Amino acid sequence: MIGFKKWRRGRLKKQPFPAEWIRILQSRVALYDRLPADQRQRLHGHIHVFLNEKNFEGCGGITINEEMRLTIAAQACLLMLADISDYFPTLRSILVYPDSYHAPVQEFEEGGIVTEGHEWRQGEAWDMGSMVLSWKNVKRTSKHLNGKNLVLHEFAHLLDSELGATENWQPGSKNSIYANWSRTLNKEYKTLLQKVGRNEPVLFDVYGASSLVEFFAVATEYFFEKPQEMMRLHPDLYEQLHFFYGLDTIGYG
């Protein structure tokens, strides 16, 4: 079965990449034209596989079209250009809403009290094999390289869950490579918390200070979209993300 999957994926990667798809990516995904030519070719192959294996579902009255599928798939596959994931194996379906959506939330208080409510969200990765995205916010964040990219953020969460980027690589690891990763990630996160607490200027979106998990996703956005700034202000973190993703994003563009 594994051999068949590898053979099928190999055939998909060799399929021609339509010129119309390239035009869509050039107009919708700011990072696409910044990729070196060889990485664009790898990305094309990954997109073919991703689109073949993942299901897209329109919600809230939206109809899924080629532009939506390509815009989301291309950015998701950017994270695995160095083949660090098996195409996000836990993900089966991507649910796309036209705009931010109303999601139920629960807050647990002292004494076992649970408060239920709702909040507006732009996207989230579920544990049940689904991801939810707001198309309005996907479009907006895909076209500008400002360190805020909804697709990169949510798929970074999937990678974190798959590879244990913020959970398994903890201090005390006997593997020095993973120990360096964990030490750097935790140090940078604590520094962000301190600066946000003192109202000092920071490179990253302050949402990254909400948890280590969110910090990793936010740092991923900046690694791909603002690598020069990250290297200048946070060189150790850039080098560790370079190691994690197997990519040198400073060379883009």
Side-chain angles (χ1 to χ4, degrees), residues 1-13 15 17 21 25 28-29 31-32 35 39-59 64 66-97 121-135 137-138 141-142 149-169 181 185 211-221 223-225 241-247 249:
M1 189 66 178
I2 295 177
F4 175 75
K5 179 188 288 188
K6 183 177 180 180
W7 174 83
R8 178 176 54 78
R9 286 176 173 176
R11 284 179 60 88
L12 287 168
K13 290 178 181 180
Q15 289 183 353
F17 202 78
W21 287 17
L25 294 183
R28 285 296 179 192
V29 181
L31 279 166
Y32 178 76
L35 292 174
Q39 292 195 19
R40 278 201 302 272
Q41 290 301 315
R42 289 181 60 79
L43 182 67
H44 292 170
H46 285 322
I47 290 171
H48 276 305
V49 175
F50 188 95
L51 292 178
N52 179 265
E53 297 186 358
K54 309 304 179 185
N55 181 50
F56 286 76
E57 300 178 31
C59 303
I64 297 295
E66 197 168 69
E67 177 189 348
M68 296 174 187
R69 296 172 74 241
L70 280 168
T71 301
I72 294 169
Q75 294 174 100
C77 291
L78 280 171
L79 301 185
M80 49 171 293
L81 277 174
D83 299 320
I84 66 171
S85 171
D86 188 30
Y87 293 94
F88 310 99
T90 63
L91 178 66
R92 296 188 301 274
S93 297
I94 300 166
L95 313 181
V96 183
Y97 281 84
R121 294 181 180 174
Q122 299 179 7
E124 58 189 318
W126 292 347
D127 293 332
M128 298 88 75
S130 298
M131 176 178 288
V132 188
L133 296 171
S134 154
W135 174 239
N137 288 286
V138 168
T141 61
S142 299
N149 185 298
L150 180 60
V151 177
L152 293 181
H153 186 101
E154 296 305 330
F155 276 89
H157 281 317
L158 278 189
L159 279 182
D160 187 4
S161 177
E162 178 185 347
L163 303 176
T166 61
E167 180 179 359
N168 296 329
W169 295 4
W181 160 267
L185 192 66
S211 70
L212 185 62
V213 169
E214 294 299 343
F215 176 67
F216 171 72
V218 167
T220 292
E221 296 174 81
F223 174 73
F224 279 90
E225 294 201 343
L241 287 168
H242 178 188
F243 157 70
F244 181 84
Y245 284 107
L247 301 170
T249 53

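Treat the numbers as computed from the prediction; the structure is a model and nothing was measured.
- The shortest non-hydrogen separation linking Cys59 to Leu95 is SG-CB, 3.8 Å.
- Using a 4.5 Å heavy-atom cutoff, the side chains of Met68 and Trp135 are in contact.
- Between Leu70 and Tyr32 the shortest side-chain heavy-atom distance does not fall below 4.5 Å.
- Contact record, Leu51 with Ala73: CD2-CB, 3.7 Å, taken as the closest heavy-atom pair.
- Sparse packing is recorded around CZ of Arg11, with 12 or fewer heavy atoms of other residues, nucleotides or ligands lying under 6.0 Å away.
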Side chain to side chain contact (heavy atoms under 4.5 Å, CB included) between Arg8 and Asn52, worked out: CA-CA 10 Å; Arg8 178 176 54 78; Asn52 179 265; 3.0 Å; yes
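- The two residues Trp181 and Ala165 have their closest heavy-atom pair at NE1-O, 2.9 Å.
- Residues Leu152 and Thr141 fail the side-chain proximity criterion, which asks for heavy atoms closer than 4.5 Å.
- Two residues are said to be in side-chain contact when any heavy atoms from C-beta on lie closer than 4.5 Å; Leu247 and Phe224 meet this criterion.
- Between Cys77 and Ile47 the shortest heavy-atom distance is SG-N, 3.9 Å.
- Within the model, atoms CD of Glu225 and CG of Asn149 stand 4.5 Å from one another, a figure rounded to the nearest 0.5 Å.
- The nearest pair of heavy atoms linking Ser85 to Leu159 is CB-CD2, 3.5 Å.
- Distance CG/Leu43 to CZ/Arg40: 9.5 Å, rounded to 0.5 Å.
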Side chain to side chain contact (heavy atoms under 4.5 Å, CB included) between Gln75 and Leu150, worked out: CA-CA 10 Å; Gln75 294 174 100; Leu150 180 60; over 6 Å; no
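- With rounding to the nearest 0.5 Å, the separation of CD in Gln41 from NZ in Lys13 is 13.0 Å.
- There is no side-chain donor-acceptor pair under 3.5 Å between His44 and Gln15.
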Working for side chain to side chain contact (heavy atoms under 4.5 Å, CB included), residues Phe244 and Leu185: CA-CA 11 Å; Phe244 181 84; Leu185 192 66; over 6 Å; no
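- The closest side-chain heavy-atom distance from Asp86 to Arg9 is below 4.5 Å.
- Contact annotation: the side chain of Leu79 never approaches that of Leu158 to less than 4.5 Å [non-hydrogen atoms, C-beta and beyond].
- Ring pair His48/Trp21 is tilted by interplanar angle, where 30° to 60° counts as tilted.
- The CD1 atom of Ile94 sits 3.5 Å away from the CZ atom of Phe50 when rounded to the nearest 0.5 Å.
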Side chain to side chain contact (heavy atoms under 4.5 Å, CB included) evaluation trace for His153 with Thr220: CA-CA 7 Å; His153 186 101; Thr220 292; over 6 Å; no
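- The shortest side-chain heavy-atom distance between Met131 and Leu91 falls under the 4.5 Å cut-off.
- Shown are Glu53, Lys5, His46; of these, the side-chain hydrogen bond (donor to acceptor under 3.5 Å, both in side chains) with Tyr87 is made only by His46.
- Summarising the geometry, atom CG belonging to Leu31 is positioned 9.0 Å from atom OG1 belonging to Thr249; distances are rounded to the nearest 0.5 Å.
- At a threshold of 4.5 Å between non-hydrogen side-chain atoms, the residues Arg69 and Ile64 count as touching.
- Between Phe223 and Tyr245, the ring-plane angle classifies as parallel under the 30° and 60° cut-offs.
- In this structure, the separation between CD1 on Ile84 and CD on Glu162 is 8.0 Å, given to the nearest 0.5 Å.
- Here the closest non-hydrogen pair linking Leu25 and Ala74 is CD2-CB, 3.6 Å.
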